[in-house]
Every structure is written in C-alpha cells, then in structure tokens.
2 protein chains.
Amino acid sequence: MGRTSDAREKILTAAHSLIELRGYSALGVAEICKAAGVPKGSFYYFFESKEALALAVLDEHWEAQRSDWARVLEEDAQPLSRLRRLFEETEAGLRAGQQSCGTVSGCIFGNLTLELSNQTEPIRERLQQIFDTQVEMVDKVIAEARERGEVAVGDTREAARSVVAQLEGQVLFAKLYNNTQHLEALWDNCLSLLSARRTDTAAVSS
Amino acid sequence: MGRTSDAREKILTAAHSLIELRGYSALGVAEICKAAGVPKGSFYYFFESKEALALAVLDEHWEAQRSDWARVLEEDAQPLSRLRRLFEETEAGLRAGQQSCGTVSGCIFGNLTLELSNQTEPIRERLQQIFDTQVEMVDKVIAEARERGEVAVGDTREAARSVVAQLEGQVLFAKLYNNTQHLEALWDNCLSLLSARRTDTAAVSS
DNA sequence: CGCAAGTGTACGACCGATCGTCTATGCCGA
DNA sequence: TCGGCATAGACGATCGGTCGTACACTTGCG
C-alpha cells in the first residue's frame, strides 16, 4: 500500500514555518494542524508526539541547510571566498524570509536552542549534533585557508566555533530589531576572528 | 493601611529563576506561584498579567546587571582591561549559575529575545532598549580605547554590536552544551574584533 | 479609651478555553 | 469482505485570568 495522504508533509511544512515564527512552546498542535489543513485527529497518526514533530522538523530543515552549506563550502574557489559566500547566502535567506512574512524569524536552530535545550534532552542532543556539524564544516574551510597561508589562527576548531557564534549572535540582533542590515558586518567580523592577533595583548593583561 | 506582604518580591524572584531555567511560554502562572509559595489568587493582585510579570523581571534583572556592568566598565583602569574584566565576570556568573542549578541557563535577555521578540511587542521593545544600552556601554569603552590608540576600528558602535553579538553567540553554545569552557575564548575574540583588519582582504573579494 | 465603620490587601474557588494525547470508528482500495 | 490508513471527538489536565470575600489595619465617633 503506497501512501495516499500527504498530510505528514503538510504538517511538517506548516510546523516548520510556525515554529520559526512563534517558537515551540507557544505553539499548539491544533494550530499546526489548522495551518496545514489537516484534521487534528490525524496528527498522532503521523507523529508520535509534539516533540517528535519538532525533531522531524529539525532533521528536515537541517538536511536542507546542510546541503546548501555543503554546496557553497565545497565549491571550487578560494576557501575564504567560499566562507564569504556562506554569509552572503545566509543574509539573503534571512532577508527573503523577512520579505515573505514581514518578520525576521532568525535561525530555527538558535531559536530552539535557547528555548528548549534545557527542557528536553532529545532536542538538545539533536541541536548539538547540528551545531557540531556546522562548526566542523566551517573548521574544514578555515583549516584549508590556513594551509594556504591566508589566515593565521592557532586552533581552527575554536575559530570556527567563534565564527558560528558570531553568526548566531548577529542573527539574534537581526531578529530582535527586525532588521537584516547589520548582518553585512558578518564577513568583516569573520575576517577579524581569523586574523592573527596583534601581539601587544600583554599590555592589558592583568 | 491593610496587611503588607512580600509576595510580590517572592513572585519576582521565583519567576526570574524559573524563566531563566524553563523559558516563558512553557511556564505557567500556577507553577510560578507554587515555587514562590504564594497563592495563585494573589498573583493577579500584584501583576496585571503574565506578560507584565515578564517585563518586571526583565526590568529588575537588567537594573542589577546594568549596575554590574557600569561598575566594571567605569573602573579606573585601562579601557581594554575593563572590557576584559566584563567578560571574566560574565563567565564567572554563568559558571556560578551552572554550579547552583546544574545547568547553564544562559542570558535571560538572549533567551527571551529568541523566544518572544516576534510574539509580543512590549517585550521586544524592552529587550531592544536593554541591548541598545549594553552596546552603548561597550561602545564607550571601545571609543576610549581608540582615542588612546589601543584599537583601530572604524565604527565603534558597530564594533560594540559585534562584541555583544559574539558574547550572546558564545553563551548560546555554553547553554547548548551545558559547558562554560569555551567562554574563555571571549576575550581573545573580542581583541580580534577590535583589531585593525589586515589589508589583504582584496585578495578574496569577488 | 472602646468599638464599629470604612478601606485597601490578600486570597481560594472557579471560569471558559486550550493544552497534548488517545480511542473508537469511518472509509477506501484491494 | 477485509485490513489498515485516516479521522472525529472527547479525555483529563492545565492554561491565563476573574471575582467575591475574609482579613488587617486606620479612622472617627461615642
């Protein structure tokens, strides 16, 4: 018997945009079903629980975003160029989202991290895996750039973590002010984070 | 005059730690009252609504944090030294919170920003004011450092925003991994963000 | 000084709505 | 007719919020 209903996909799609827009806890199953045009009674046929839906949304969206990131970061170009393109595409994506729904919804992974990582262990674990992979993807590019002598960082992993942290922090601001303008600083800041430190830091050590 | 009660303060205290721990939407008024040891019926005598409580918690916590920041940032020391102390104290505060409740609760402002800034306009406005002030306080120190020739940034305001963004991003990671270790990178990253950019960026411009 | 009226504080019970979840059953293709 | 996909409806619990009232304390009159 093949599947005869696309209800699961409709729920996933609706849940994705609603969670992005309104978060997880403030969202009801009934509201998701209504937005998806699926009877509420069907929800628990397709998903074990509301939490299972959240995990499915995370998986689906991460799979899409990961392939986007991979496409950009594994291009045939200079490593730093690829990194720059990543920021440009991220910024463009957030702008597009703002255009379509009037509001900067931010990064769904960051949003759910701050909302749920201390609430449910399964979601925290999934988010950890996602950010681990994000950092690792950036790490590889930074390491490549370092081999070519384009950046001079000690610990590429830590540098990658800082770059992703900067990204999440700026996206937080973009959401708070509903303004994508400051995201333009991302690339410059990334370059700064990857620059060799000036050695006069001893002047301000305690 | 009628009876006096410390219920309002008890509610504020309990709400503060519970919101920090579990967020806003997932939290019920009844749960807050139970933790505070205050009858639920009293809640709406002291607060107009759950949202008004959240605003009061934000105000109270920001007032405390702002005086902490002011104390550190207006010390009689080199500007960069003061900035460094700010990070050290922030890290220490997060560590202390982790010790006391077993979990890194992160920054309550960042948490509520991602959870609520697209939900309720009053809370968004308050959070905007808070982060505006945070950025401004950092801005002043950076400007001072620039006057002394210790950093070479173009737009001190934008630099301050990036520093605060880096802070929020790293705190997000600390919460996600329940690990304050990586917060040690904050000071180095701050220095990087405030360093003059190497001028070979043209090599990777598109 | 004593005591009741008046005033504002504090609170338990309860509201309709909605929460996430489940079970009994309809329905359709094979 | 049969089997399993899909659904309607309702479950108990909890949601944010309201309301009537008992209490504590001041005040003013006798």
Side-chain angles (χ1 to χ4, degrees), chain A residues 1-58 112 115-116 118-124 126, chain B residues 1-58 111-112 115-124 126:
Chain A
M1 269 280 275
R3 157 159 288 122
T4 59
S5 166
D6 59 347
R8 191 189 143 90
E9 282 68 30
K10 289 198 289 189
I11 291 175
L12 268 175
T13 304
H16 178 197
S17 53
L18 277 175
I19 288 177
E20 211 165 38
L21 201 64
R22 317 223 295 102
Y24 174 83
S25 301
L27 206 61
V29 172
E31 184 178 351
I32 296 169
C33 293
K34 189 180 171 189
V38 169
K40 185 184 170 190
S42 297
F43 182 89
Y44 284 87
Y45 174 73
F46 294 105
F47 296 96
E48 197 177 305
S49 67
K50 188 188 173 192
E51 180 180 309
L53 167 67
L55 287 171
V57 166
L58 280 179
L112 292 185
E115 186 182 350
L116 298 177
N118 280 347
Q119 298 283 332
T120 87
E121 215 52 40
I123 290 183
R124 162 184 247 145
R126 197 72 110 257
Chain B
M1 288 297 282
R3 294 176 280 176
T4 58
S5 163
D6 58 348
R8 190 189 144 89
E9 281 67 33
K10 288 197 290 188
I11 292 175
L12 268 176
T13 304
H16 178 199
S17 54
L18 277 174
I19 288 178
E20 211 166 39
L21 200 64
R22 315 224 294 103
Y24 175 82
S25 301
L27 206 62
V29 172
E31 184 177 351
I32 296 169
C33 292
K34 189 179 170 188
V38 169
K40 187 185 169 192
S42 297
F43 180 91
Y44 286 89
Y45 174 74
F46 295 105
F47 296 96
E48 197 178 306
S49 66
K50 188 187 173 193
E51 181 180 309
L53 167 68
L55 288 170
V57 167
L58 281 179
N111 295 349
L112 292 185
E115 186 181 350
L116 298 178
S117 65
N118 280 348
Q119 299 282 333
T120 86
E121 215 52 41
I123 290 184
R124 163 183 245 147
R126 197 71 111 256

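Numbers restart at 1 for each chain; the letters A, B, ... are given by sequence-line order, proteins then strands.
As rounded to whole Å, 18 Å separates atom C1' of D:dG16 from atom CZ of B:F46. Rounded to whole Å, atom P of D:dC5 lies 16 Å from atom CG of A:D6.
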Step-by-step side chain to side chain contact (heavy atoms under 4.5 Å, CB included) determination, A:L12 to A:F46 = CA-CA 10 Å; A:L12 268 175; A:F46 294 105; over 6 Å; no
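Taking CD1 from A:I11 and SG from A:C33, the interatomic distance works out to 5.0 Å, rounded to the nearest 0.5 Å. We find the OG1-CZ distance between A:T120 and A:R126 to be 10.0 Å, quoted to the nearest 0.5 Å.
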task = Heavy atoms under 4.0 Å is the rule here; annotate nucleotides 12-21 of chain C 5' to 3' with B where the base is hit, S where only the sugar-phosphate is, and - elsewhere.
result = B------SBB
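Of the charged side-chain nitrogens involved, none lies within less than 4.0 Å of a carboxylate oxygen, so that B:E31 and B:K34 do not count as a salt-bridged pair.
Under the 4.5 Å side-chain criterion, counting only non-hydrogen atoms from C-beta, A:L53 is in contact with A:I32. Side-chain contact check for B:R8 versus B:F47: some heavy-atom pair is nearer than 4.5 Å. Side-chain atoms of B:L27 and A:S25, non-hydrogen and from C-beta on, never get closer than 4.5 Å to each other.
Counting non-hydrogen atoms of other residues, nucleotides and ligands closer than 6.0 Å to CD of B:E9 gives a total above 12.
Contacts between residues 7-23 of chain B and DNA chain C, defined by a heavy-atom separation under 4.0 Å, are absent.
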